[in-house]
Amino acid sequence: MYAKCGAFQKARQVLDDLPVRDVVTWSSLIAGYTYYGHATEALDCLDQMREEGLSPDPLTYAFVLKACGTTKALDKGKRLHDEIVEKGLHGKDLVLSNCLVDMYAKCGALSAAQEVLEELPERDVVSWSSLISGYAGVGHGEKALHLFEQMQHEGILPTSVTYLSVLKACASIGALDKGKEIHDEIARRGLLVNDVALGSAVVDMYAKCGALPKAQQVLDELPARNIVSWTALIGGYAHQGQGEQALRCFEQMQCEGHSPTAVTLVCVLTACGTIAAVDQGERIHNVIARLGLLETNTLLGNALVGMYVKCGAVAKAQQVLEGLPVQDVVSWNALITGWMQLGEAEQAFKCLDHMQRKGFTPTSVTFLCLLKACGNIGAVDKGEQVHDEIIRQGLLEDDAFLAMAVVEMYAKCGALLKARQVVDELSIEHVVSWNALIAGYAQKGQGEEALDCFASMQAKGILPDAETFVYILKACGTVGLIENAQEYFVTMKSKFGIKPDLEHYSYLLDVFGRAGHLDKAVKVIQKIPFSDNLSAVWSALLDACHKWGDVNVGKWAFEQVRQLDRSDTTVYDIMGKIYAAAGMQHDAENVRSMQRKNSVV
DNA sequence: TTAGGGTTAG
């Protein structure tokens, strides 16, 4: 009774005073500890009962396995598994077997969890849900959805708990269509009526898939909503950069009488950061300080530092960080990012020094940021020091993005030979580091070298991606390789299955535009299969018309673009220049007056 | 006795 009420001291005292103790006594205490999240104490009790010569029964095992899961005590869990097998309990007691699946899943040993499930003579929705939850929890959404299919194939009906994990899986991989399907199924089964958690998970799924109007609609129509449902929506808006919407929801939520939790406040701070709403952020900061939440919550402290950083108030961020009761490497990284973004590489390195003196070890994120700072200001020496440190820590071996950042740093500093050397010496080759190198050559106008890299990477068996072709086309433009560009544009789809996007069309058009082949540039623009955000492409064509003095194509392009978007004033400027350069002052003046009228409207 | 919703740095 005492254990169940969470009165552990009293429960323990009663147990200690008992003249005779048995498995049931101990199990009750262990159950209490486990239930209230005191996993370490639960595991200690197991050792103590063994010292008294008592042997755990299936019930005891169930509780301690749960404790192993919450503390990620995989080794201990494995030993218990062995014991259970030795005692012949495995496969006899489905509840116990499910606890094993769950223990492995929670410890991240997902293949072990799956193995246990597959060996079971019979399994139920809990066995499957445990495994699915494990995969969904670490972001392996595809795998989780696949297991969900398999479960249904065995004729097992999902429960609300299963759906929670499946929705999480959809959210983690942005599987909107699948998520919608699940939502429909849940609604059809009437499960949303009295399950706030499930409703929140649906809101979260839509929000994480970027379908915010739908997320909002679901929240509005929920029979019951709580702080979690609101937080999911606010977090969704914040992540999509829709800070105003997030803050509006935050207001509405409070009007409905829900008090924010630390998690809500983290999301709201993120929202403030996306729209640089430093005043609002400061108000939240005051609320947090008043409630004393920073004492216990590092995440909130980090979010606060991140908010000031994103608002550009980096000095303030530093001040806040220094005053935090608990700091961690994330807040330091946020600060270093802040200085980097302001172009203050010196300050960024000072922070590195500071954090190391405080005993924090820099992570890949720290190095990524410092490399960016060096690249931005061309500090190749500093960059080389960072590179050496990364090698010393052995981080280049398994982090392709860090390798890419090293290459990018050297390339941006103009040390292209060094960049090439790094790529050649990488133990794990990945397309992103080649992309950084090719981009570097393209940026410096060394088109031939860029194409040479492209050949080398393919010779090594690395497949190009969409980004590779962006830089390849750009490289062709810098040296006027028209035929090559056309060929690459065709083969990226035919040979590599990469559908060209707007950026590819823009660079192809630019190749022709730069070379004066305006007829070909026009053909490119006519072939673009999308209609949104085309103004930059039209501007590029007009620029080319200006460069080559082609009034006719210019006039045609000008009319087309005016039908698309009359508010874009830059095209009037260019058209005016084209007329003026051709000596057509009257037409030039006409365009300018159109522009004036337009800006009045 | 078994599965469970919202959060930070690039």
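No hydrogens, no waters, no symmetry mates; every other heavy atom, side chains included, goes into these values. Residue numbers start from 1 in every chain, and the chains themselves are labelled A, B, ... in the order their sequence lines are given, proteins ahead of strands.
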Just checking [X]: base, sugar-phosphate only, or nothing, at a heavy-atom cut-off of under 4.0 Å?
{"X": "A:Thr261", "value": "base"}
{"X": "A:Ser97", "value": "nothing"}
{"X": "A:Ser200", "value": "base"}
{"X": "A:Val202", "value": "nothing"}
{"X": "A:Leu198", "value": "nothing"}

Report yes if at least one side-chain N or O of [X] is closer than 4.0 Å to OP1 or OP2 of [N]; otherwise report no.
{"X": "A:Lys310", "N": "B:dA9", "answer": "yes"}
{"X": "A:Ser133", "N": "B:dG4", "answer": "yes"}
{"X": "A:Lys168", "N": "B:dG5", "answer": "yes"}
{"X": "A:Lys208", "N": "B:dT7", "answer": "yes"}
{"X": "A:His239", "N": "B:dT8", "answer": "yes"}

Residue pair A:Trp332 / A:Thr366, side-chain heavy-atom distance below 4.5 Å: no
Choosing from [options], which nucleotide comes nearest the side chain of [X]?
{"X": "A:Val126", "options": "B:dG10, B:dT2, B:dG4", "result": "B:dT2"}
{"X": "A:Thr337", "options": "B:dG4, B:dG10, B:dT8", "result": "B:dG10"}
{"X": "A:Lys372", "options": "B:dG5, B:dA9, B:dG10", "result": "B:dG10"}
{"X": "A:Ala201", "options": "B:dA3, B:dG5, B:dT8", "result": "B:dG5"}
{"X": "A:Thr159", "options": "B:dT7, B:dA9, B:dA3", "result": "B:dA3"}
{"X": "A:Ala197", "options": "B:dA3, B:dT7, B:dG5", "result": "B:dG5"}
{"X": "A:Phe63", "options": "B:dT1, B:dA9, B:dG4", "result": "B:dT1"}
{"X": "A:Lys66", "options": "B:dA9, B:dA3, B:dG5", "result": "B:dA3"}
{"X": "A:Ala232", "options": "B:dG6, B:dA3, B:dA9", "result": "B:dG6"}
{"X": "A:Leu59", "options": "B:dG5, B:dT1, B:dG10", "result": "B:dT1"}

Exam field: side chain A:Asp204 to backbone A:Ala207, donor-acceptor pair closer than 3.5 Å: no
I need the [atom1]-[atom2] distance between [X] and [N], as an integer number of Å.
{"X": "A:Leu304", "N": "B:dT7", "atom1": "CG", "atom2": "P", "answer": "19 Å"}
{"X": "A:Asn98", "N": "B:dG4", "atom1": "CG", "atom2": "P", "answer": "12 Å"}
{"X": "A:Asp204", "N": "B:dG4", "atom1": "CG", "atom2": "C1'", "answer": "13 Å"}
{"X": "A:Leu294", "N": "B:dT8", "atom1": "CG", "atom2": "C1'", "answer": "13 Å"}
{"X": "A:Leu293", "N": "B:dT8", "atom1": "CG", "atom2": "P", "answer": "17 Å"}
{"X": "A:Ile284", "N": "B:dT8", "atom1": "CD1", "atom2": "P", "answer": "16 Å"}
{"X": "A:Phe360", "N": "B:dA9", "atom1": "CZ", "atom2": "C1'", "answer": "13 Å"}
{"X": "A:Leu368", "N": "B:dA9", "atom1": "CG", "atom2": "P", "answer": "14 Å"}

A:Glu154 CD: over 12 foreign heavy atoms closer than 6.0 Å: yes
Base [N] to side chain [X], donor-acceptor N/O within 3.5 Å cut-off:
{"X": "A:Ser129", "N": "B:dA3", "answer": "yes"}
{"X": "A:Thr264", "N": "B:dG6", "answer": "yes"}
{"X": "A:Ser127", "N": "B:dA3", "answer": "no"}
{"X": "A:Ser160", "N": "B:dG4", "answer": "no"}
{"X": "A:Asn226", "N": "B:dG5", "answer": "yes"}

Looking at [X] and [Y], does any basic side-chain N land under 4.0 Å from a carboxylate oxygen?
{"X": "A:Arg225", "Y": "A:Glu256", "value": "yes"}
{"X": "A:Arg123", "Y": "A:Glu118", "value": "no"}
{"X": "A:Arg248", "Y": "A:Glu251", "value": "no"}

Aromatic ring proximity, centroids under 6.0 angstrom, A:His81 and A:Tyr104: yes
